[in-house]
Amino acid sequence: MPAANQRSPFGRLVRAVSLPNVLTCVRILLIPVFLWLILSSGDWQDGGSALTHRWWALATFILLMFTDQLDGFLARKYEIITDFGKLADPIADKALMISALVSLNILGDLWWWVTIVIVVRELGITVWRMVLARRGNVVPASKGGKLKTVLQTLAVTLYILPLSGAWDWAAHVAMAAALIVTVVTGIQYLLDSRRQTPPTPAPAA
């Protein structure tokens, strides 16, 4: 029998339109808008439209990251777990974060090597999870996974923020912490997957 929150008018609406999947699609469609806003804000220090675009880029990034949390919350609360959501949601998350990092690289606000480390870790672990899933092994994400996401989001937000001075240092510190947690959680995931992956049986003689 459906839970009470699923029988409510809002719950029925969420399930009828598959709202978590709608939010995921909206997030993917708005990534190009975010890219245009941030890439056109390179001279925000001079004010004018570039500064306005920078603020809009910041607002768009925060909104898209919020929808990421919201669609996950709704999917769990109203039990709307679909194959599309399982595939599209992580793609949308990584596409947004990678787009933000590369944009900051292009604008000269962030070192390329930072983006390379994060992208290699994120895509590498994603591919490895798919390999393990095909083998029937599901290794849960490490406890630091949520912390990694929070730190990456905070760091990118501070880099986009059109303020200088102490804010620049805050962005550097946040990104350093995000980078460390990103690498450590990636290594931890690989170690955990090795412990849980059963050894391949030797061929019969």
Side-chain angles (χ1 to χ4, degrees), residues 23-73 88-127 141-189:
L23 291 174
T24 297
C25 292
V26 170
R27 191 157 72 253
I28 293 174
L29 292 174
L30 287 180
I31 290 176
V33 176
F34 164 73
L35 282 172
W36 177 77
L37 287 169
I38 190 170
L39 291 176
S40 61
S41 69
D43 299 324
W44 65 265
Q45 294 90 343
D46 298 331
S49 61
L51 179 59
T52 301
H53 287 174
R54 191 76 168 201
W55 280 112
W56 275 110
L58 176 64
T60 304
F61 179 77
I62 293 174
L63 174 64
L64 295 181
M65 293 306 299
F66 173 73
T67 63
D68 173 35
Q69 299 301 313
L70 180 60
D71 65 26
F73 168 77
D89 187 63
I91 290 176
D93 299 343
K94 288 176 174 54
L96 174 59
M97 185 58 66
I98 292 173
S99 297
L101 292 170
V102 172
S103 298
L104 292 170
N105 295 143
I106 294 173
L107 294 174
D109 295 337
L110 182 65
W111 301 284
W112 277 101
W113 68 266
V114 173
T115 298
I116 291 172
V117 170
I118 293 177
V119 170
V120 168
R121 185 275 189 200
E122 296 291 353
L123 297 185
I125 293 299
T126 298
V127 171
S142 63
K143 295 180 179 179
K146 291 185 178 179
L147 177 61
K148 175 210 69 174
T149 301
V150 169
L151 289 174
Q152 288 181 359
T153 303
L154 174 62
V156 171
T157 299
L158 290 173
Y159 272 102
I160 298 175
L161 185 68
L163 297 173
S164 55
W167 292 102
D168 292 333
W169 286 102
H172 295 329
V173 170
M175 184 58 76
L179 192 63
I180 292 171
V181 174
T182 297
V183 173
V184 170
T185 55
I187 294 173
Q188 185 62 52
Y189 182 85

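All heavy atoms count here, side chains included; hydrogens, waters and symmetry mates do not. All values derive from a computational prediction rather than experimental measurement.
Separating the CH2 atom in W44 from the CG atom in L58 is a distance of 11.5 Å, to the nearest 0.5 Å. In this structure, the separation between CZ on F73 and CG on L70 is 8.0 Å, given to the nearest 0.5 Å. Here the straight-line distance linking atom OG of S41 with atom CG of L39 works out to 7.5 Å at 0.5 Å rounding. Remark: I28 CD1 to L23 CG distance equals 11.5 Å, nearest 0.5 Å. Rounded to the nearest 0.5 Å, atoms CH2 (W113) and CD1 (I118) are 9.0 Å apart. Note that OG of S103 and CD1 of I38 are 5.0 Å apart. Values are rounded to the nearest 0.5 Å.
Contacts of W167 classified as side chain to side chain contact (heavy atoms under 4.5 Å, CB included), with partners at least two apart in sequence or in another chain: L158, L161, L163. For D89, the side chain to side chain contact (heavy atoms under 4.5 Å, CB included) partners at least two apart in sequence or on another chain are T24, R27, D68, D71, D93. Partners of W169 according to the ring pair (Phe, Tyr, Trp, His ring centres under 6.0 Å) rule, which considers only residues two or more places apart in sequence or in another chain, do not exist here. Not counting sequence neighbours, T153 has no partner by the side chain to side chain donor-acceptor pair (under 3.5 Å) test. With sequence neighbours left out, the salt bridge (Lys or Arg N to Asp or Glu O under 4.0 Å) criterion links R54 to D109.
Inter-residue side-chain proximity for L101 and Y159 is flagged as unmet; no heavy-atom pair is nearer than 4.5 Å.
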Assess whether side chain to side chain contact (heavy atoms under 4.5 Å, CB included) is satisfied between L110 and T115, documenting all intermediate values.
CA-CA 8 Å; L110 182 65; T115 298; 3.8 Å; yes
Show your working on side chain to side chain contact (heavy atoms under 4.5 Å, CB included) between M97 and Q152 and close with a plain yes or no.
CA-CA 8 Å; M97 185 58 66; Q152 288 181 359; 3.8 Å; yes
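The minimum heavy-atom distance between L51 and P162, with the atom names listed, is CD1-CB, 3.7 Å. Among all heavy-atom pairs drawn from I31 and S99, the shortest one is CG2-OG, 3.6 Å. When every heavy atom of A178 is checked against every heavy atom of T182, the shortest pair comes out as O-OG1, 2.6 Å.
Pairs engaging residues 157-170 under the salt bridge (Lys or Arg N to Asp or Glu O under 4.0 Å) rule: none recorded [sequence neighbours left out].
Annotation for W112: atom CH2 counts as buried by contact number, over 12 foreign heavy atoms lying within 6.0 Å. At most 12 heavy atoms of other shown residues, nucleotides or ligands fall within 6.0 angstrom of atom CH2 in W56.
A side chain to side chain donor-acceptor pair (under 3.5 Å) with T185 is found for one member of K146, K148, R121 and no other, namely R121.
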